[in-house]
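To start, the structure under review is shown below, and the notes come after it.
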Amino acid sequence: MKKHIYIPFIFIFLLLPLSGNAEGSSDRTFRINKNLNIFNTLMRELDLFYVDTLNYDKLTRNSIDYMLHNLDPYTVYMPEEDSEDIDMMTKGEYGGIGSLIVKNGEDVCISEPYEGMPSQINGLKAGDIILEVDGKSTKGKSVSEVSSMLRGTPSTKIHLKLKRPGEKKPIEKTFLREKIQMHPITYSTVIADRTGYVLLSDFTDKAARELKTAVNNMIEQQGITSLIIDLRNNGGGLIDEAVKIVGFFVPKGTEVVTTKGKGKQSERTYMTPTEPVFPDMKLAILVNRASASASEILAGSIQDLDRGIVVGERTFGKGLVQNIRPVGYGGYLKVTTAKYYIPSGRCIQAIDYSHRNKDGSVGRVPDSLTTVFSTRNGRKVRDGGGITPDTLTTQEKTMNVAYYILMQNHYFNYATEYTLKHPSIAPAEEFTLSDETFNEFTQYLLDKKFTYTTETEKYFDELLEVAKFEGLDKQAATEIEALKKKLIPDIEQNIKDNKKDIADLLSIEILKRYYYQKGEIIYSLRDDHDLKVALDLLQSDEAYRQLLQPKE
């Protein structure tokens with residue numbers, strides 16, 4: 001449903017020195033010092049004798065990045081210029097204008113102004129091409145480079161020159177940057193009779209507080225007795241926030257998660273800190289393959305404690321914990337220090353980065369090597385490979401023409417033209433893409449000479465090269481030619497065959513122009529299979545109860 005997928009992470013923010021085991025510490029210290037001395041000597045020798053001028057910062061950064069890359073994808077170095085990302089990851093805040101930007105051809109443009117933030121308040125629109133930021137041209141710059149230009153200290157002035165579709169002259173805007181606070185609760189509503197819905201997008205330091213407020217509001221206003229927490233595409237965040245949220249539903253002092261690492265300083269058991277505020281609330285958690293880390297702690301703990309049901313796809317499988325540590329000169333190291341274990345005792349880490357294949361690749365832990373654990377009621381659950389929902393709703397997904405239209409920004413560009421002709425549209429709850437608009441979009445694609453090369457075609461080309469090398473291309477020439485013709489897409493027919501997928505993606509892009517992120521969410525929930533499954537289970541006391549009992 002949500003299209004922005006974040007790298008999964010879970011943090012314990014520590015600034016204490018790490019102490020190793022006494023045994024072998026002298027040998028370890030010698031090896032560390034030896035390798036540091038070698039690196040130091042190499043750098044000095046290069047400085048003295050290498051033929052060309054060296055970029056010392058780049059050399060060192062490349063060395064660090066390569067070293068950490070061979071550990072795991074979550075252990076990374078963050079230099080001073082990236083240190084504001086820590087506030088974004090832990091607090092969900094940064095200094096800027098509050099807008100998503102995207103590369104569109106050679107240009108970088110506004111793709112989605114956040115409602116209520118400086119970009120939207122000051123009249124920036126999706127489709128606006130960013131020509132200059134504070135007098136500096138954006139020509140040839142990447143999205144990350146333009147993003148850095150837009151960010152800055154709150155209350156500092158920013159001047160933008162924009163090219164707006166439909167306008168002949170550039171538009172100039174001057175306003176103040178602000179502290180942009182991204183709310184972890186993206187959307188909440190009473191989705192059905194006495195059933196609340198909360199979309200939790202991440203676990204920043206306000207996640208538990210905002211969830212509690214949203215649920216209390218729905219209880220006071222409409223008396224909800226059941227709750228759906230949507231963790232799909234939630235990549236994680238702060239472990240304490242996940243523990244607090246679990247604590248809203250289970251008794252104070254309930255063990256939620258234990259971390260275990262190399263030394264005792266990495267070992268800690270997290271227990272719910274308060275008495276439950278929703279002790280009798282029926283609960284369903286929605287997850288998918290991009291639900292990770294703190295999301296898996298919340299979903300897995302609720303499952304292990306038999307406090308609610310989990311619905312959706314098998315989760316990502318990240319059972320690793322990171323600390324953020326200062327390393328001097330304003331930089332930080334985000335380092336994996338422990339694995340975490342949820343109430344049943346299982347660790348759901350899916351990939352063992354300590355055992356790599358000869359080519360450096362790593363694979364998932366096969367199901368045959370996982371271990372069975374038991375929930376509080378005696379239900380069987382497994383470790384190693386994410387959280388398996390109580391009700392799996394995996395639907396067959398194919399990469400059809402709708403995906404290729406998205407990758408070429410055609411939904412985005414057509415929506416920009418659409419808004420010039422339509423000052424207003426129906427509310428998000430009621431909006432339906434007309435056949436007339438769909439036909440106009442089809443013609444737009446044909447006028448743009450839209451085409452694409454499928455992944456199957458790419459593999460076909462590789463197959464043909466191998467066939468030529470082995471001398472089989474002439475032997476199977478007729479069959480190869482027939483297959484090639486079948487693989488060339490019939491654009492117009494493919495658009496007709498995949499009308500629903502295309503119409504949904506186009507509708508979402510149009511709705512965001514008028515109702516921002518909420519419009520996208522409201523539309524997506526109208527035909528959400530996982531949500532419907534969860535609602536049916538919550539509204540049937542017998543079905544809900546049966547899922548929480550062990551199978552005989």
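These numbers come from a predicted model, not from an experiment.
With a 6.0 Å radius and a threshold of 12 heavy atoms from other residues, nucleotides or ligands, Lys206 has its NZ atom above the threshold. Counting non-hydrogen atoms of neighbouring residues, nucleotides and ligands closer than 6.0 angstrom, the NZ atom of Lys103 exceeds 12 such neighbours. The environment of CD in Glu106 is sparse: at most 12 heavy-atom neighbours from other residues, nucleotides or ligands sit within 6.0 Å. The number of heavy-atom neighbours closer than 6.0 Å to CD of Glu492, taken from other residues, nucleotides and ligands shown, is 12 or below. Applying the 6.0 Å contact sphere to CD of Gln475 captures no more than 12 heavy atoms from other residues, nucleotides or ligands. Heavy atoms of other residues, nucleotides or ligands lying less than 6.0 angstrom from CD of Glu81 number more than 12. In Tyr403, the OH atom is not crowded: 12 or fewer heavy atoms of neighbouring residues, nucleotides or ligands sit closer than 6.0 Å.
For Glu481 (side chain) and Ala477 (main-chain N/O), no donor-acceptor pair under 3.5 Å exists by modelled atom type. Ser147 contributes no side-chain N or O that, together with a main-chain N or O of Val143, makes up a donor-acceptor pair within less than 3.5 Å. A donor-acceptor pair is defined here as one N or O able to donate and one able to accept, closer than 3.5 Å; such a pair exists between the side chain of Glu296 and the backbone of Lys318. Judged by distance alone, the side chain of Thr195 and the main-chain N or O of Ile191 form no donor-acceptor pair under 3.5 Å. Using modelled atom types, one side-chain atom of Gln181 and one backbone atom of Lys91 make a donor-acceptor pair closer than 3.5 Å. Formation of a donor-acceptor pair under 3.5 Å by the Ser99 side chain with backbone atoms of Ser119 is not found in this model. No donor-acceptor distance shorter than 3.5 angstrom exists from the side chain of Asp390 to the backbone of Gln303, with no hydrogens or angles considered. Judged by distance alone, with hydrogens and angles left aside, the side-chain atoms of Glu145 form a donor-acceptor pair with the main-chain N or O of Ser142 at under 3.5 Å. For the pair Arg526 (side chain) and Ala428 (backbone), a donor-acceptor distance under 3.5 Å is present. Formation of a donor-acceptor pair under 3.5 Å by the Glu210 side chain with backbone atoms of Thr186 is not found in this model.
Cation-pi geometry between Arg151 and Tyr94 is met: the NZ or CZ atom falls under 6.0 Å from the ring centre, inside 45° of the normal.
You'll find the side chain of Thr388 reaches within 4.5 Å of the side chain of Arg314, heavy atoms only. Side-chain contact between Leu227 and Ile229 is present, with heavy atoms from C-beta onward closer than 4.5 Å. Between Asp134 and Ile158, the closest side-chain pair of non-hydrogen atoms falls below 4.5 Å. The side-chain heavy atoms of Lys141 and Val108, taken from C-beta on, include no pair separated by under 4.5 Å. Between Leu320 and Tyr74, the closest side-chain pair of non-hydrogen atoms falls below 4.5 Å. A heavy-atom distance below 4.5 Å is found between the side chains of Asp230 and Tyr197. Side chains of Phe175 and Leu124 form a contact here, defined as non-hydrogen atoms less than 4.5 Å apart. Using a 4.5 Å cut-off on side-chain heavy atoms (C-beta onward), Leu333 and Thr75 make contact.
Residue Thr416 comes nearest to Gly127 through the heavy atom pair OG1-CA, 3.9 Å, listed as atom of the first residue, atom of the second, then distance. Of all non-hydrogen atoms in Pro389 and Leu392, the two that sit nearest each other are CD-CD2, 3.5 Å. The two residues Pro184 and Ala207 come nearest to each other via the heavy atoms CG-CA, 3.5 Å. A pairwise comparison of heavy atoms in Gly237 and Ala294 identifies N-CB, 3.7 Å as the closest pair. The shortest heavy-atom contact between Thr138 and Met149 is CG2-CE, 4.2 Å. Residues Leu176 and Pro118 share a closest heavy-atom pair of O-CB, 4.0 Å.
In this structure, Lys161 NZ and Ser137 OG are separated by 9.5 Å, a value rounded to the nearest 0.5 Å. Atom CG of Leu162 is separated from atom CD1 of Ile130 by 6.5 Å, given to the nearest 0.5 angstrom. Between atom CZ of residue Phe431 and atom CD1 of residue Ile425 there is a gap of 5.0 Å, rounded to the nearest 0.5 Å. Atom CG of residue Asp128 and atom CG of residue Leu131 lie 9.5 Å apart, to the nearest 0.5 angstrom. In this structure, OG1 on Thr189 lies 11.5 Å from CG on Leu199, to the nearest 0.5 angstrom. Here OG1 of Thr419 is found 5.5 Å from OH of Tyr514. Values are rounded to the nearest 0.5 Å.
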(request) For the pair Ile309 and Thr391, evaluate side-chain contact (heavy atoms from CB on, under 4.5 Å) and give the outcome as yes or no after the intermediate values. (result) CA-CA 8 Å; Ile309 58 175; Thr391 298; 5.9 Å; no
(message) For Tyr523 and Asp504: C-alpha separation, side-chain torsions, deciding distance, then whether side chain to side chain donor-acceptor pair (under 3.5 Å) applies.
(response) CA-CA 9 Å; Tyr523 182 86; Asp504 283 344; 2.8 Å; yes
(request) Apply the test side-chain contact (heavy atoms from CB on, under 4.5 Å) to residues Leu445 and His410: give CA-CA distance (whole Å), side-chain angles for both, the deciding distance (0.1 Å), then the verdict. (result) CA-CA 8 Å; Leu445 292 173; His410 287 301; 3.7 Å; yes
(request) Could you give me the CA-CA distance, side-chain angles and deciding distance for His422 and Tyr418, then say whether ring-ring contact (aromatic ring centres under 6.0 Å, His included) is met? (result) CA-CA 6 Å; His422 301 82; Tyr418 182 92; 3.9 Å; yes
(request) Dump the intermediate steps for side-chain contact (heavy atoms from CB on, under 4.5 Å) on Leu433 and Ile510, then the final yes or no. (result) CA-CA 9 Å; Leu433 194 77; Ile510 289 173; 3.9 Å; yes
(request) Begin with the C-alpha distance, continue with both residues' side-chain angles, and end with the deciding distance and a verdict on side chain to side chain donor-acceptor pair (under 3.5 Å) for Asn233 and Asn288. (result) CA-CA 7 Å; Asn233 299 324; Asn288 65 4; 3.1 Å; yes
(request) Decide yes or no on side chain to side chain donor-acceptor pair (under 3.5 Å) for Gln443 and Asn439, but give the supporting numbers first. (result) CA-CA 6 Å; Gln443 189 58 50; Asn439 292 335; over 6 Å; no
(message) Evaluate Tyr66 against Asn70 for side-chain contact (heavy atoms from CB on, under 4.5 Å), listing each step before the verdict.
(response) CA-CA 7 Å; Tyr66 185 78; Asn70 285 282; 3.5 Å; yes
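Between Tyr404 and Tyr452, the angle of the ring planes stays under 30°, which puts this pair in the parallel group of the 30/60° scheme. Ring geometry for Tyr444 versus Phe441: interplanar angle under 30°, hence parallel rather than tilted (30 to 60°).
Among Glu132, Glu172, Lys136, the one residue that satisfies the side-chain hydrogen bond (donor to acceptor under 3.5 Å, both in side chains) test with His159 is Glu172.
With respect to Lys499 and Asp435, a salt bridge is recorded, a charged nitrogen being found less than 4.0 Å from a carboxylate O. Between Asp65 and Arg61 there is a salt bridge, since a side-chain N of the basic residue sits under 4.0 Å from a carboxylate O of the acidic one. Salt-bridge check for Lys500 with Asp527: passed, with a basic side-chain N closer than 4.0 Å to an acidic carboxylate O. Using a 4.0 Å cut-off between charged nitrogen and carboxylate oxygen, Glu509 and Arg513 count as a salt-bridge pair.
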